[in-house]
Amino acid sequence: MQKQPTQFPDRAALVAHVKALSPGVSDDAVSETRGGRAAAEALLAAIDPTAYGHSRNYLDGAVTRLSPYVRHAIVSLNELRNQALELGYGKAIEKFIQELGWRDFWQRIYTQNPDWLWHDIEPYKTGFVASDYANTLPQDIATGETDSAAMNHFIHELKTSGYLHNHARMYLAAYIVHWRRVKWQAGARFFLGHLLDGDPASNNFSFQWVASTFANKPYFFNLENLQKFAGMRAPCDFHTNKCFGGSYDDLALKLFPKMAAP
Amino acid sequence: MSQLIWLHEDCLRATHRLFTEAASADAARPIFIWDDVYMTAMHYGLKRRVFIYESLCELPVDIYVGDTIDTLKDLHSRLGVDEIVTGKTPNPMLKAMMQNLRAEVKLSAIADAPFVQMDSPPDLRRFFKYWNKAKKNAFLYDGRP
Ligand SMILES: Cc1cc2nc3c(=O)[nH]c(=O)nc-3n(C[C@H](O)[C@H](O)[C@H](O)COP(=O)(O)OP(=O)(O)OC[C@H]3O[C@@H](n4cnc5c(N)ncnc54)[C@H](O)[C@@H]3O)c2cc1C
């Protein structure tokens, strides 16, 4: 049995080595995000839990980008929370610590009910049943060639960087499940294949939350919301994102016609 | 008692509790098993694999390529260790591997420091139910009074 090298002349050599160890992997993209504790510590030193509280929903908000490191326990939720406590106090950092709680929540469900990972926890609350949704991801989503410029932007970012802001994940997941009527499982598999932080629990249960199989109602959005929170980072004009136009009531009628009041 | 420290993808930190639990003087160098079949089952593409490999390069760990169970059993008998120590995980695939190993080998899975300590299990039906209980300690250092 041979020990594998842990020192390489440069990153390209490391990537070539990993490729050689991964004969079945066909995609070639490598993220600029570096693995390892040193990179994580640089991000940890830069967290701003106070700014996070009021800006986290915006794509250019003060989020940490620590998720790939948290995913593999390179940074623990405990030390992340302790670090936040050292930087601020009270209401200002509550939101930050509560968001950490989401990961803990999903991990606890995962531990208790691993068989929920790929199964609908509850029925859809969209007026449709599971069999109304397609099993596979449409090709234009896989390649980022949909009729929405914003979604194409997110798909490209997911595939190249392996990271998406939480709000972008919600938009793209909702687009896949509700606009394209594709099973959340197909979307979840697509995300897991690209996210550096891809986590069966956080990813699949969040998808179930968007789909409404683990929530009281489906999550969806309109163009106004997309423009407000993502407009500074993604192309969100009406002409290239027509399918999101209209009020929430208009969109609900279009997306969930069977839910309309009799 | 000699121990073999097995790092898997859910415990890639040198300050993980498993290291303090496994602090035996003659503990062998920690190992990680690069298991292509496992990573494929986890849907890992090149991006994730590079991220994991890079993370390993910063840890005191020997990387071996192979099937996780076979490699661990082989190392266990070749090194003549008494026990395998690893990190606790919710991942059913890793848990099944641990179960399989336990048929032949003593194995301890150590939990990392928790985010929040609770005296009884929380209600997990919705986040707000969990959070109502968790928030009592979540804003405290180390998640406990
Ligand atoms: C459809 C969908 C899929 C997702 N898939 C994943 C996934 O595979 N892996 C993953 O770690 N997260 C996932 N999330 C949750 C969340 O989007 C990411 O954790 C977050 O965007 C990571 O970016 P950050 O580190 O900058 O987060 P920050 O906002 O800076 O938060 C700090 C840390 O808290 C945790 N966290 C924050 N928000 C959440 C949340 N809502 N759920 C769970 N943990 C959270 C993460 O560990 C994160 O690193 C998903 C969300 C959605 C809607």
Side-chain angles (χ1 to χ4, degrees), chain A residues 1-4 6-8 11 14-15 17-19 21-25 27-31 33-38 68-69 72-79 81-82 85 93-94 97-98 100-105 107-112 114 117 162 189 192-196 198 200-201, chain B residues 9-16 31-32 34 36-37 39-40 42-59 61-66 71 74-75 78 87-92 95 112-116 121-122 124 126-127 130-131 134-135 138-143:
Chain A
M1 240 187 310
Q2 220 185 333
K3 286 179 199 169
Q4 296 298 305
T6 51
Q7 287 188 333
F8 297 88
R11 196 172 194 229
L14 182 145
V15 171
H17 185 68
V18 173
K19 259 190 186 168
L21 294 179
S22 314
V25 170
D27 80 301
D28 260 356
V30 174
S31 173
T33 301
R34 301 282 172 130
R37 177 76 191 184
Y69 308 94
H72 292 293
I74 296 165
V75 169
S76 73
L77 281 184
N78 184 41
E79 65 178 322
R81 180 260 324 284
N82 289 349
L85 288 174
I93 61 165
E94 261 177 26
I97 292 176
Q98 186 179 355
L100 302 180
W102 274 99
R103 178 171 167 87
D104 187 48
F105 174 63
Q107 294 296 305
R108 284 171 187 266
I109 296 179
Y110 187 19
T111 305
Q112 219 171 69
L117 267 193
R189 262 191 299 275
L192 282 179
H194 291 289
L195 285 171
L196 287 185
Chain B
E9 62 154 340
D10 291 344
C11 51
L12 300 183
R13 189 174 85 257
T15 56
H16 189 288
I31 55 151
F32 180 94
W34 190 271
D36 185 51
V37 173
M39 292 206 206
T40 303
M42 291 294 289
H43 307 283
Y44 292 168
L46 188 63
K47 287 189 282 293
R48 173 73 76 97
R49 290 170 190 239
V50 167
F51 181 85
I52 292 175
Y53 206 104
E54 255 175 350
S55 300
L56 291 170
C57 289
E58 286 187 20
L59 283 168
V61 68
D62 288 336
I63 307 170
Y64 294 95
V65 172
T71 312
D74 188 34
L75 282 169
R78 275 206 292 141
K88 205 170 177 174
T89 170
N91 182 320
K95 275 167 119 169
D112 203 356
F115 170 62
V116 60
L124 297 176
R126 288 289 184 263
F127 177 77
Y130 153 84
W131 187 245
K135 70 184 180 195
F139 298 113
L140 303 176
Y141 201 82
D142 281 347

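Per chain, numbering begins at 1; letters A, B, ... match sequence-line order. Just the heavy atoms: all of them, side chains too, but no hydrogens, waters or symmetry mates, feed the values below.
- You'll find the side chain of B:Met42 reaches within 4.5 Å of the side chain of A:Pro200, heavy atoms only.
- Ranked by heavy-atom pairs under 4.5 Å with chain B, the list A:His72, A:Glu79, A:Gln2, A:Gln7 is led by A:His72.
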> What's the verdict on ring pair (Phe, Tyr, Trp, His ring centres under 6.0 Å) for A:Trp102 and B:Phe127, showing C-alpha distance, side-chain angles and the deciding distance?
Replying inline: CA-CA 7 Å; A:Trp102 274 99; B:Phe127 177 77; 3.9 Å; yes
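- The choice from B:Pro92, B:Pro121, B:Gly87 that makes the most heavy-atom pairs within less than 4.5 Å of chain A is B:Pro92.
- Counting heavy-atom pairs closer than 4.5 Å to chain B, the top-ranked of the candidates A:Asp28, A:Asp27, A:Leu195 is A:Asp27.
- Looking at B:Lys135, there are no atoms closer than 4.5 Å to chain A (heavy atoms on both sides), in backbone or side chain.
- Side chain of B:Arg13 to main chain of A:Ala73: a donor-acceptor pair is present (N/O by atom type, distance under 3.5 Å, no hydrogens or angles).
- Atom OH of B:Tyr44 is separated from atom CG of A:Leu192 by 8.0 Å, given to the nearest 0.5 angstrom.
- Taking 4.5 Å as the limit, every side-chain heavy atom of B:Phe139 sits out of range of all side-chain heavy atoms of A:Ile93.
- With chain B as partner, the option from A:Ala29, A:Pro23, A:Ser31 having the largest number of non-hydrogen pairs under 4.5 angstrom is A:Ala29.
- Using a 4.5 Å cut-off between heavy atoms, A:Val30 contacts chain B through both its backbone and its side chain.
- Both the backbone and the side chain of A:Leu100 come within contact range of chain B, judged by heavy atoms closer than 4.5 Å.
- To the nearest 0.5 Å, the span separating CZ on B:Arg49 from CG on A:Leu196 amounts to 13.5 Å.
- Side-chain atoms of B:Arg48 come within 3.5 Å of backbone N or O of A:Gly198 as a donor-acceptor pair.
- Taking the six-membered ring for Trp, B:Phe115 and A:Phe105 have ring centres at least 6.0 Å apart.
- Shortest non-hydrogen contact noted between B:Asn91 and A:Tyr110 is CA-OH, 3.3 Å.
- For chain A, the nearby part of B:Val61 is the backbone; its heavy atoms alone come within less than 4.5 Å.
- Across all their heavy atoms, B:Asp142 and A:Arg81 have their closest contact at C-NH2, 3.2 Å.
- A:Ala38 touches chain B through backbone and side chain together, each having a heavy atom under 4.5 Å away.
- Only the side chain of A:Leu14 comes within contact range of chain B, judged by heavy atoms closer than 4.5 Å.
- Heavy atoms of A:Leu85 lying under 4.5 Å from chain B belong exclusively to its side chain.
- Heavy atoms of A:Phe8 lying under 4.5 Å from chain B belong exclusively to its side chain.
- At distances below 3.5 Å, not a single donor-acceptor pair connects side-chain atoms of A:Thr6 with backbone N or O atoms of B:Cys57.
- Residue A:Gln98 touches chain B through both its backbone and its side chain, counting heavy-atom pairs closer than 4.5 Å.
- For a residue to count as touching a neighbouring chain, one of its non-hydrogen atoms must lie under 4.5 Å from one of that chain's; by this rule B:Asp10 touches chain A with backbone and side chain alike.
- Of the listed residues (B:Leu140, B:Asp112, B:Val116, B:Thr89), the one with the most heavy-atom contacts under 4.5 Å to chain A is B:Leu140.
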> What's the verdict on side chain to side chain contact (heavy atoms under 4.5 Å, CB included) for A:Gln4 and B:Val65, showing C-alpha distance, side-chain angles and the deciding distance?
Replying inline: CA-CA 7 Å; A:Gln4 296 298 305; B:Val65 172; 3.5 Å; yes
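- Looking at B:Pro114, the atoms closer than 4.5 Å to chain A (heavy atoms on both sides) all sit in the backbone: N, CA, C or O.
- Neither the backbone nor the side chain of B:Leu59 comes within contact range of chain A; no heavy atom of the residue lies under 4.5 Å from a heavy atom of that chain.
- Interface check for chain A: of the options B:His16, B:Lys47, B:Glu9, the most heavy-atom pairs under 4.5 Å are formed by B:Lys47.
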> Checking salt bridge (Lys or Arg N to Asp or Glu O under 4.0 Å) for the pair A:Arg11/B:Glu54: CA distance, chi angles, key distance, verdict?
Replying inline: CA-CA 9 Å; A:Arg11 196 172 194 229; B:Glu54 255 175 350; 2.6 Å; yes
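- Scanning all heavy atoms of the two residues, the minimum distance from B:Lys95 to A:Thr111 falls at NZ-O, 4.1 Å.
- Each of A:Arg189, A:His194, A:Lys19 has some count of heavy-atom pairs under 4.5 Å with chain B, and the biggest count is that of A:His194.
- Between A:Gln107 and B:Pro90, the shortest heavy-atom contact is OE1-CG, 3.4 Å.
- With a 4.5 angstrom heavy-atom cutoff, A:Arg103 does not touch chain B via any of its atoms.
- Closest approach of A:Ile74 to B:Leu12, counting heavy atoms only: CG1-O, 3.5 Å.
- Both the backbone and the side chain of A:Arg108 come within contact range of chain B, with heavy atoms under 4.5 Å apart.
- Heavy atoms of A:Gln112 lying under 4.5 Å from chain B belong exclusively to its side chain.
- With chain B as partner, the option from A:Gly101, A:Gly193, A:Pro114 having the largest number of non-hydrogen pairs under 4.5 angstrom is A:Gly101.
- Among A:Asn82, A:Ile109, A:Leu77, A:Asn78, the residue making the largest number of heavy-atom pairs under 4.5 Å with chain B is A:Asn82.
- B:Ala134 does not touch chain A: none of its heavy atoms, backbone or side chain, sits under 4.5 Å away.
- Listed options B:Ala138, B:Pro122, B:Ala113, B:Gly45 were ranked by heavy-atom pairs under 4.5 angstrom with chain A; first place goes to B:Ala138.
- Residues B:Trp34 and A:Val18 form a side-chain contact, since some pair of their non-hydrogen atoms from C-beta on lies under 4.5 Å apart.
- In this structure, B:Tyr53 and A:His17 have perpendicular ring planes: the angle between them is above 60°, well past the 30° mark.
- Proximity to chain B involves both the backbone and the side chain of A:Pro68, based on heavy atoms less than 4.5 angstrom apart.
- Contact annotation for B:Asp36: only side-chain heavy atoms (C-beta onward) come within less than 4.5 Å of a heavy atom of chain A.
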